[in-house]
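Working notes, beginning with the structure itself.
Bear in mind the structure is a predicted one, so any value in this text is a computation, not a measurement. Sequence positions, counted from 1, serve as the residue numbers for this chain.
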Amino acid sequence: MPELSLLFLLFLFFFPLFSSSDDHKYSITIKKDDYNSFVYAGCSLKYTPGSPYQLNVESLLTSLANAADYYTYANFTSSTASAAAPAYGLFQCRADLPLSNCFSCIRSALTQLSALCPGAAGATVQLRSCFLRYGNESFLGKPDNTLLYKRCGGAASGGYASDVLGLRDAALGSLTAAGGSYRVGGAGYVQAMAQCVGDLSAEECSDCVESAVVQLKAVCGSAVGADVYLGKCYVQWWSNSGVSSAKHGHVSC
């Protein structure tokens, strides 16, 4: 993200995606109170208080908040206060969740944004089931396969390693073979999920998911479960088997 100063590391220690308890099992079902849990945030330098750009940002965020009542994805460009200082933004929620969850998640993201990035000229907040992004340079409709954040589970060991990693590869392969911006797949007791931002074309989405899978394998190796977030898509995989008792660590980029 050109306009961000990549301060993603500041807040990675809150609301972990993976439990650190030894007996944790991955599950396709996320508790309702986990939908809005924090993943990462990034903030740019601050805008000038009272500037036309601030007014455009405020108008933009209001539009995004209102749209979450009706859509799981929306983007806006706000230039009402000044056409010379437009603000660009979008939000997206997990496509399989009802609108009520989307609205709640985006409201939570806005609260996090206000607390973590006050007065920022550009910012991103990623929660478990939604994300929100805005900035002063247009990123709408532009592919971005940059790795922004990763979280890797504990390493698989023994005979279990080849078993679960083989299933992982099959599950992730089902994601790259699938179409659409929201994709689910699985193999045996391993499940996987991917989603692209709604401003990507079908070809760009497939390219992003393929890149995410490659980067997931590279950065998380033999981990039992992993999440990787790229600029315009994310990929997750987890095991529903009780075979592994590996701790799920946290690794940040």
same_hphob_cluster(Leu172, Leu167) at 4.5 Å side-chain heavy-atom cutoff: yes

Over all atoms of both residues, closest heavy-atom pair of Ala212 and Val235: CB-CG2, 3.5 Å

Donor-acceptor contact present, side-chain Asn136 to main-chain Ala85, <3.5 Å: no

Same apolar cluster (I L V M F W Y, side chains within < 4.5 Å links), Leu60/Leu110: yes

Donor on one side chain, acceptor on other, Asn36 and Ser104, under 3.5 Å: yes

Donor-acceptor contact present, side-chain Thr62 to main-chain Glu58, <3.5 Å: yes

Donor-acceptor contact below 3.5 Å, side chain Thr176 vs main chain Gly173: yes

Same apolar cluster: Leu200 and Leu90, side chain cutoff 4.5 Å: no

CG on Asn101 to CD1 on Ile106, rounded to 0.5 Å: 11.5 Å

Side-chain heavy-atom pair Asn75, Phe139 within 4.5 angstrom cut-off: no

Side-chain touch Ser222/Leu165, heavy atoms, less than 4.5 angstrom: yes

Shortest non-hydrogen separation from Leu132 to Ala109 and the atoms involved: CB-CB, 4.4 Å

Smallest separation among heavy atoms of Gly180 and Cys205, with atom names: O-SG, 3.7 Å

Tyr71 atom OH, neighbour heavy-atom count above 12 within 6.0 Å: no

Ser201/Glu204 under side chain to side chain donor-acceptor pair (under 3.5 Å): CA gap, chis, key distance, verdict: CA-CA 5 Å; Ser201 68; Glu204 291 166 343; 3.3 Å; yes

Residues that Leu99 engages under side chain to side chain contact (heavy atoms under 4.5 Å, CB included), provided they are two or more places apart: Thr72

Flag side-chain contact, heavy atom, 4.5 Å: Leu127 against Ser108: yes

pair Asp169-Trp237: side-chain heavy atoms closer than 4.5 Å: no

Cluster check Phe131, Phe103: I/L/V/M/F/W/Y, side chain < 4.5 angstrom: no

Sidechain-backbone polar pair: Ser51 side chain, Tyr47 backbone, donor-acceptor under 3.5 Å: no

Main-chain N/O of Pro86 paired with Ser79 side-chain donor or acceptor, under 3.5 Å: no

Sub-4.5 Å side-chain heavy-atom contact between Arg183 and Val209: yes

Any side-chain heavy-atom pair of Asp227 and Lys150 under 4.5 Å: no

Gln92 side chain to Cys196 backbone, donor-acceptor under 3.5 Å: yes

Leu116 backbone acceptor or donor facing Gln112 side chain under 3.5 Å: no

Heavy-atom side-chain contact between Val228 and Gln215 under 4.5 Å: no

Derivation of the side-chain contact (heavy atoms from CB on, under 4.5 Å) call for Tyr88 and Arg133: CA-CA 8 Å; Tyr88 307 91; Arg133 177 183 176 185; over 6 Å; no

Full working for disulfide (SG to SG under 2.5 Å) between Cys93 and Cys102: CA-CA 6 Å; Cys93 298; Cys102 184; 2.0 Å; yes

Heavy-atom donor-acceptor pair, Ser44 side chain to Ala121 backbone, under 3.5 Å: yes

Any donor-acceptor N/O pair, Asp144 side chain to Leu230 backbone, under 3.5 Å: no

Value rounded to 0.5 Å, distance of CG in Leu148 from NZ in Lys232: 11.0 Å

Salt-bridge contact Asp199-Lys142 (side-chain N to carboxylate O under 4.0 Å): no

From CA spacing to verdict: disulfide (SG to SG under 2.5 Å), Cys233, Cys208: CA-CA 6 Å; Cys233 70; Cys208 191; 2.2 Å; yes

Over all atoms of both residues, closest heavy-atom pair of Leu140 and Phe76: CD1-O, 4.1 Å

Where Ser174 and Gly186 come nearest, the two heavy atoms and their spacing: OG-N, 3.5 Å

CA sep, side-chain torsions, deciding dist, call: Phe38, Arg128, side-chain contact (heavy atoms from CB on, under 4.5 Å): CA-CA 6 Å; Phe38 182 85; Arg128 187 68 183 263; over 6 Å; no

Parallel, tilted or perpendicular: rings of Tyr40 and Tyr229 (30°, 60°): perpendicular

Tyr182 and Asp96, any side-chain heavy atoms less than 4.5 Å apart: yes

hydrophobic_cluster_shared for Tyr53 and Leu61, side chain cutoff 4.5 Å: yes

Closest approach of Ser239 to Tyr189 (non-hydrogen atoms, all atoms of both residues): OG-CD1, 3.2 Å

